[in-house]
Amino acid sequence: MKRPLAYITAAWSGEHEKDGQRAAGYFRAVYEAGFSPLCPVLYLPLILNDAIPEEHKSGIDMGRDLLRRAHVLVVCGDAIDEAVKNDIAVAARLNITATTLAGILDVKRQGQEHDA
């Protein structure tokens, strides 16, 4: 079964280790819900230096490119910051469905109950 691409966004703290742990949890949940997760915060901090303006911009551009390829935008966590709002706006412009992680998990749960 081919899994649809799901771009993961959240209000990241800027603390790479903490964000990486949160992102990995979201990544796993989205994967278990049947998607192929895309989550730049998991790897971009390993290769790009956000303090260098050119690399910061490259990270934003790479994230946007991945979002353009996604079938769905998954908003994770309880907070909505400007970066999440921007991701939602880009998804809307590109006619990419936006939903929450809770929404995806609820739909999956409903499907499992129906199969039982």
Side-chain angles (χ1 to χ4, degrees):
M1 172 179 140
K2 186 173 180 181
R3 295 169 172 264
L5 294 173
Y7 186 94
I8 297 171
T9 190
W12 307 113
S13 69
E15 297 175 36
H16 299 302
E17 189 172 320
K18 180 180 174 183
D19 288 344
Q21 290 174 350
R22 283 180 52 221
Y26 297 150
F27 190 100
R28 183 68 195 186
V30 170
Y31 169 77
E32 288 177 354
F35 294 86
S36 289
L38 301 169
C39 191
V41 78
L42 276 174
Y43 72 90
L44 287 181
L46 300 174
I47 57 175
L48 297 177
N49 183 345
D50 210 37
I52 300 172
E54 181 180 335
E55 292 189 17
H56 175 78
K57 183 182 179 325
S58 291
I60 291 170
D61 292 345
M62 285 186 247
R64 289 288 177 259
D65 186 45
L66 289 173
L67 176 54
R68 282 186 200 92
R69 296 166 192 250
H71 298 98
V72 63
L73 171 69
V74 182
V75 179
C76 299
D78 297 326
I80 302 289
D81 65 4
E82 286 305 310
V84 173
K85 288 179 185 178
N86 288 336
D87 287 341
I88 293 168
V90 169
R93 258 194 328 275
L94 298 172
N95 294 317
I96 297 169
T97 300
T99 188
T100 62
L101 178 58
I104 285 176
L105 296 178
D106 190 44
V107 168
K108 180 178 186 247
R109 220 176 357 265
Q110 294 296 324
Q112 290 171 338
E113 289 174 7
H114 184 268
D115 291 342

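The figures here come from the full heavy-atom set of this structure, side chains too, leaving out hydrogens, waters and symmetry mates.
Put simply, the side chain of Tyr7 does not reach to within 4.5 Å of the side chain of Val72, judged on heavy atoms. With a 4.5 Å cut-off on side-chain heavy atoms, Thr9 and Cys76 do not count as touching. When side chains are defined from C-beta on, Pro53 does not count as touching Lys57, because their heavy atoms never get closer than 4.5 Å. Contact of the Leu73 side chain with the Asp87 side chain is registered, since non-hydrogen atoms from C-beta on lie closer than 4.5 Å. Put simply, the side chain of Leu44 reaches to within 4.5 Å of the side chain of Met62, judged on heavy atoms. In this structure, Val75 and Val84 have side chains that are in contact, with non-hydrogen atoms separated by less than 4.5 Å.
Under a hydrophobic-cluster definition in which Ile, Leu, Val, Met, Phe, Trp and Tyr are linked whenever side-chain heavy atoms come within less than 4.5 Å, directly or via other members, Ile47 and Leu66 are assigned to the same cluster. When hydrophobic clusters are built by joining Ile, Leu, Val, Met, Phe, Trp and Tyr residues whose side-chain heavy atoms come closer than 4.5 Å, directly or via intermediates, Ile96 is grouped together with Leu38. At a threshold of 4.5 Å between side-chain heavy atoms, the hydrophobic network of Ile, Leu, Val, Met, Phe, Trp and Tyr places Val30 and Leu42 in one connected group. Under the 4.5 Å side-chain contact rule for hydrophobic residues, Leu105 and Tyr31 do not share a cluster. Grouping the Ile, Leu, Val, Met, Phe, Trp and Tyr side chains by contacts below 4.5 angstrom, directly or via other members, places Val90 with Ile80.
Interatomic distance, Leu5 CG to Arg69 CZ, rounded to the nearest 0.5 Å: 9.5 Å. To the nearest 0.5 Å, atom CD of residue Glu15 and atom CD of residue Gln21 are 10.5 Å apart. How far NE2 of His56 is from CG of Asp61: 9.5 Å, rounded to the nearest 0.5 Å. Once rounded to the nearest 0.5 Å, the distance linking CG of Asn86 with CG of Leu67 reads 10.5 Å. Between atom OH of residue Tyr43 and atom CG of residue Leu48 there is a gap of 8.5 Å, rounded to the nearest 0.5 Å.
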Practice item. List the steps, then state whether side-chain contact (heavy atoms from CB on, under 4.5 Å) holds for His71 with Thr97. Key: CA-CA 7 Å; His71 298 98; Thr97 300; over 6 Å; no
Query - Test side-chain contact (heavy atoms from CB on, under 4.5 Å) applied to Thr100 and Val74, step by step - result: CA-CA 5 Å; Thr100 62; Val74 182; over 6 Å; no
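Considering every non-hydrogen atom in both Val41 and Pro45, the closest pair reads O-CD, 3.3 Å. The shortest non-hydrogen separation linking Gly63 to Pro40 is CA-CG, 4.1 Å. Smallest separation of non-hydrogen atoms from Pro4 and Gly34: CD-O, 3.6 Å. A pairwise comparison of heavy atoms in Phe35 and Ile104 identifies CE1-CG2, 3.8 Å as the closest pair.
Heavy atoms from other residues, nucleotides or ligands lying under 6.0 Å from CG of Asp78 number 12 at most.
With salt bridges taken as basic N to acidic carboxylate O contacts below 4.0 Å, one links Asp19 and Arg22. A salt bridge does not link Asp81 with Lys85: every distance from a Lys NZ or Arg NE/NH1/NH2 to an Asp or Glu carboxylate oxygen is 4.0 Å or more.
Remark: side-chain polar atoms of Glu55 are paired, donor with acceptor, to backbone N or O of Asn49 under 3.5 angstrom.
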